[in-house]
Q: 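Got a structure for you, written out below as structure tokens; questions coming shortly.
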Amino acid sequence: MNSQTERCADTPEESVPMRIVCCAMAAVSIFAAYLFGQSPVPVLEFSYFQGAVIIVCVWLCIAGSLVSYRLRQDKNVWLSGSVYLATILVMVNLARELVVENMYATHFQLLGPLVHSCTAASVINTFELKTRGDLNRLAVFGLLLLVLAACSGRSILFGLCVFI
């Protein structure tokens with residue numbers, strides 16, 4: 001690559017409307033993944049804990065987008081370190097969930113732990129949205145979450161989440 005292309009890739013993204021759209025898409029995909037990623041009929045199996053997790057994840061997504069917009073010009077060691085630590089914790093939790101859910105199962109359960117870890121990775125990713133490439137990576141995470149939720153989401157509500 002030439003130096004101009006490298007400079008454009010590292011330039012902080014200043015577009016507020018694009019950041020709002022990416023944050024909204026991440027929030028909708030997190031909502032859909034947690035609501036539909038566990039069972040085909042989420043209304044019958046919905047719990048208060050699941051609602052609280054959805055609210056906290058969406059709130060962290062919005063907070064992460066605001067923090068990354070405010071700190072887009074700076075290199076923050078504490079933020080990068082926190083993101084790396086959170087990523088390690090997500091991977092450890094994925095391994096724990098895979099072992100716990102499949103210890104006595106007759107069929108290997110992968111969807112639930114994968115939805116949880118991809119959702120957590122999407123929330124973590126919102127704290128590092130500096131360049132346009134980072135915003136594109138968040139969009140890919142959102143599409144991945146919708147694909148995972150599509151494995152078990154078979155209702156008109158899931159169609160509404162995809163449409164939004």
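Values below: all heavy atoms of this structure, side chains included; hydrogens, waters and symmetry mates excluded. Throughout, residue positions are numbered sequentially from 1 according to the sequence presented.
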Q: Nearest 0.5 Å, please: how far is OG1 in Thr119 from CG in Leu60?
A: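 If I round to the nearest 0.5 Å, the distance is 12.5 Å.
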Q: Under 4.5 Å between side-chain heavy atoms, hopping through other hydrophobics if needed: is there a path connecting Val99 to Tyr104?
A: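 Yes, Val99 and Tyr104 fall within the same hydrophobic cluster.
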Q: Any idea which heavy atoms bring Cys61 and Ala27 closest together, and the distance?
A: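 Smallest interatomic distance, heavy atoms only, reads SG-N, 4.1 Å.
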Q: In Å, rounded to the nearest 0.5 Å, how long is the span from CG of Leu111 to NE2 of His116?
A: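 It is 9.0 Å, given to the nearest 0.5 Å.
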Q: When you measure from the side chain of Arg72 to the backbone of Tyr69, do you find a donor-acceptor pair of N or O atoms at a distance under 3.5 Å?
A: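 The answer is yes, because a donor-acceptor pair under 3.5 Å joins these two groups.
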Q: A side-chain contact here means heavy atoms from C-beta on lying under 4.5 Å apart; do Cys22 and Leu129 qualify?
A: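 They are not in side-chain contact.
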Q: Is there a donor-acceptor contact under 3.5 Å from the side chain of Ser29 to the main chain of Ala26?
A: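 Yes, because the side chain of Ser29 sits within donor-acceptor range (under 3.5 Å) of the backbone of Ala26.
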Q: Please report the shortest heavy-atom distance between Leu138 and Met25, naming the atom on each side.
A: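 Shortest heavy-atom separation between Leu138 and Met25 comes out as O-CE, 3.9 Å.
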Q: Please determine whether residues Leu66 and Val16 belong to a single hydrophobic cluster, defined as Ile, Leu, Val, Met, Phe, Trp and Tyr linked transitively by side-chain heavy-atom distances below 4.5 Å.
A: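 No; tracing contacts between hydrophobic side chains, which count when under 4.5 Å, never links both residues.
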Q: Nearest 0.5 Å, what's the CG-CG distance between Leu114 and Leu98?
A: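 Taking CG in Leu114 and CG in Leu98, the distance rounds to 8.0 Å.
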Q: So, do Ile54 and Ile30 sit near enough that their side-chain heavy atoms are less than 4.5 Å apart?
A: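 No, every pair of side-chain atoms sits at 4.5 Å or beyond.
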Q: Give, for atom CD1 of Ile62 and atom CH2 of Trp59, the distance between the pair rounded to the nearest 0.5 Å.
A: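 Going from CD1 on Ile62 over to CH2 on Trp59, the span is 9.5 Å.
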Q: Ser68 and Arg19: which non-hydrogen atoms are nearest, and at how many Å?
A: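 Ser68 and Arg19 have their closest heavy atoms at OG-NH1, 3.8 Å.
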Q: Measure the spacing between OH of Tyr84 and CG of Leu89 and express it to the nearest 0.5 Å.
A: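 If I round to the nearest 0.5 Å, the distance is 15.0 Å.
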Q: From Glu97 CD over to Asn102 CG, what is the distance, rounded to the nearest 0.5 angstrom?
A: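 Going from CD on Glu97 over to CG on Asn102, the span is 10.5 Å.
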Q: Do any side-chain atoms of residues 120-127 form donor-acceptor pairs under 3.5 angstrom with protein atoms, and if so which ones, sequence neighbours left out?
A:
unit_1, atom_1, unit_2, atom_2, d
Asn125, OD1, Arg137, NE, 3.4
Asn125, OD1, Arg137, NH2, 3.4
Thr126, OG1, Val123, O, 2.5

Q: Kindly work out whether a path of hydrophobic side-chain contacts (I/L/V/M/F/W/Y, heavy atoms less than 4.5 Å apart) joins Leu144 to Leu135.
A: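 No, because Leu144 and Leu135 fall into different hydrophobic clusters, even though each may have its own neighbours under 4.5 Å.
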Q: Answer yes or no: is there a side-chain heavy-atom contact under 4.5 Å between Asn93 and Arg96?
A: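 SC-SC contact between Asn93 and Arg96 confirmed.
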Q: Would you kindly confirm whether Val21 and Met18 end up in one hydrophobic cluster when ILVMFWY residues are joined by side chain heavy atoms under 4.5 Å apart?
A: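 Not linked; separate clusters.
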